[in-house]
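Within every chain, numbering begins at 1; the chains are lettered A, B, ... in the order of the sequence lines, protein sequences first and strands thereafter.
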Amino acid sequence: MFYIHCPYCEEHREEEEFHAKGQAHIARPADPESCSDQEWGDYLFFRDNPRGIHHELWVHAVGCRKFFNITRNTVSYAILETYKMGEQPHFTAEHPDGKPAEKVAAEAEAVSRQEGVNV
Amino acid sequence: MQRYSGFGLAKHALSHHENWERQWRNPTPKKQYDVIIVGGGGHGLATAYYLAKEHGITNVAVVEKGWLGGGNTARNTTIVRSNYLWDESAALYEHAMKLWEGLSQDINYNVMFSQRGVMNLAHTLQDMRDVQRRVNANRLNGIDSEVITPERIQEIVPIMDCSKNARYPVLGASWQPRAGVARHDAVAWGYARAADALGVDLLQNTEVTGFKIRDGRVHGVHTNRGDIEAKTVGCVAAGNSGVLAKMAGFRLPLESHPLQALVSEPLKPVLDTVVMSNHVHGYISQTDKGDLVIGAGIDGYNGYGQRGSYPTVEHTLQAIVEMFPIFSRVRMNRQWGGIVDTCPDACPILSKTPVKGLFFNCGWGTGGFKATPGSGHVFAWTLAKGQTHPLAAPFSIDRFHTGALVDEHGAAGVAH
């Protein structure tokens with residue numbers, strides 16, 4: 001049973017309140033009309049399926065009903081962090097122990113193209 | 001190979017069954033093979049067997065990182081059926097069903113295939129419509145299937161709560177009499193023994209760590225026991241297919257999820273068929289030993305840990321107890337998870353890949369066991385000829401770009 005910290009409610013709640021929604025940070029093609037079949041198929045169906053650190057989208061379905069992201073290890077199931085939409089992960093496959101502080105600051109500047117984020 | 005028979009059993013009884021020969025060799029890897037199959041589960045072993053038997057290709061290695069049949073082959077609920085909706089998948093699963101019917105004789109190994117019938121329950125009006133549609137589609141494809149009433153269901157399974165007052169009343173079911181169950185381990189062992197007898201090398205504890213790819217063509221695999229060369233490589237690795245694809249430099253439209261099952265303490269015979277319900281989500285059968293085998297749903301998140309989450313167990317057991325109040329005090333013995341590679345359309349991928357000579361057989365998701373003989377048969381043809389078998393053609397990886405999906409979410413036993 002996961003005990004998940006919702007970054008919006010700022011509380012730990014039980015797994016049953018949440019639904020997993022698959023891989024996070026999938027950018028919708030800027031101009032879907034001009035996508036090739038290849039690009040559109042890749043966007044719709046093809047997913048990273050890593051053994052190890054994975055960034056995924058979850059929804060606090062019976063809580064605040066907001067979407068947010070989790071960085072989780074798909075082998076040990078350890079939840080490394082949860083973060084709001086539009087934010088970038090601190091733990092990644094390249095930096096399993098967390099990114100250096102200056103890199104995090106630089107990324108915070110970058111505009112997120114994640115779906116559902118109004119920048 | 002020492003053939004198994006009733007006479008052999010009697011003969012070996014004289015020596016206290018101490019002189020049975022080993023079922024397969026444990027060879028050291030050769031430097032080079034004609035075909036390498038990555039993954040020694042049911043599908044991989046079946047592929048190796050049919051390659052040797054039907055196509056005369058016996059210089060074959062099955063490379064398995066653990067032990068034979070130790071993954072999903074040993075972790076499923078052993079249900080075999082072929083009542084799929086669309087022509088493409090019905091043809092593939094019915095091909096498997098026909099092979100199941102002669103399998104024990106073919107490989108001289110009792111796989112305990114028991115055609116005890118499978119029913120898929122309907123609990124709502126829409127369920128009923130879907131059942132009728134699927135049964136009609138099955139019959140047009142020559143697959144035995146019928147719609148049965150609650151009265152008939154009650155006759156077949158007297159212990160089920162078919163009363164009108166149930167929380168989710170049973171309105172009817174689809175019924176496939178030729179469907180049933182088989183002994184999952186025996187399937188892997190039987191294929192392994194038969195393939196080994198034809199000269200196939202089964203390499204256990206051999207993990208593929210990479211592919212040798214030059215000029216867009218596969219030349220072999222790197223393993224923890226050295227490099228092995230082959231011009232044709234077939235990957236049949238279920239949940240780990242995505243990891244292998246990444247090694248070969250492409251992506252698959254797969255997500256690996258834990259799917260779990262559980263068995264109870266052994267009981268006296270009480271259920272002689274297989275009952276599945278998509279709506280309340282639980283499926284159940286009873287083994288010859290007496291255990292109730294119960295299948296749960298997949299966990300919603302990706303995972304490679306071969307265990308499932310407790311909320312899913314709870315949800316499934318609620319459904320089972322709702323259908324079978326008699327089981328409310330049965331104790332569960334064991335619970336485990338397998339890693340299933342689910343595809344967006346709940347259909348498998350049997351396909352060439354961007355790398356020449358490298359083929360993938362994956363994406364069987366929550367329902368691969370029933371297809372074991374058919375999958376192996378068709379994939380062996382594909383590897384032998386270097387082109388896709390006609391039955392496998394609709395299941396090419398191209399369908400995720402052309403849009404020609406084969407949507408079997410309704411016929412798949414597990415919602416995902």
Specify the closest pair of heavy atoms between [X] and [Y], including all atoms of both residues, with the distance to one decimal.
X	Y	answer
B/Tyr301	A/Glu15	CE2-OE2, 3.6 Å
B/Tyr304	A/Pro50	CE1-O, 3.0 Å
A/Arg47	B/Arg251	C-NH1, 3.5 Å

In terms of heavy-atom pairs under 4.5 Å, which option from [options] contacts chain B the most?
options	value
A/Leu44, A/Asp48, A/Ile70	A/Asp48
A/Lys21, A/Glu39, A/Arg72	A/Arg72
A/Ser36, A/Gly52, A/Gly22, A/Gly41	A/Gly41

Tell me, out of B/Asn240, B/Thr402, B/Asp398, B/Asp341, who's got the most heavy-atom pairs with chain A below 4.5 Å.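 With the most close heavy-atom pairs to chain A, the winner is B/Asn240.
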Among B/Ser256, B/Gly242, B/Ala245, which residue forms the greatest number of heavy-atom pairs with chain A at distances under 4.5 Å?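 Highest number of pairs under 4.5 Å: B/Ser256.
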Atom group of [X] that falls short of 4.5 Å from chain B, counting heavy atoms:
X	value
A/Asn73	neither
A/Phe18	neither
A/His54	side chain

Just wondering, more than 12 heavy atoms not from B/Arg167 lying within 6.0 Å of its CZ?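 Result for CZ/B/Arg167: open.
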Crowded around B/Tyr310 OH? As in, over 12 foreign heavy atoms under 6.0 Å?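 Open: at most 12 neighbouring heavy atoms sit under 6.0 Å from OH of B/Tyr310.
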For B/Phe400 and A/Phe45, take the angle between the two ring planes, folded into 0 to 90°, and tell me which bin it lands in: parallel under 30, tilted 30 to 60, perpendicular over 60.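 Perpendicular.
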Measuring from atom CD of B/Glu314 to atom CE of A/Met1, what distance do you get when rounded to the nearest 0.5 angstrom?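 Answer rounded to 0.5 Å: 7.0 Å.
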Could you tell me the separation between the CD atom of A/Glu16 and the NE2 atom of B/His315, rounded to the nearest 0.5 Å?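 Interatomic distance, A/Glu16 CD to B/His315 NE2, rounded to 0.5 Å: 10.5 Å.
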For side chain to side chain contact (heavy atoms under 4.5 Å, CB included), just list the numbers for A/Asn49 and B/Asn302, CA-CA rounded to whole Å, side-chain angles, deciding distance to a tenth of an Å, and then say yes or no. CA-CA 8 Å; A/Asn49 192 17; B/Asn302 291 24; 3.3 Å; yes
Under 4.5 Å between any side-chain heavy atoms of B/Pro258 and A/Tyr77, yes or no?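 In contact.
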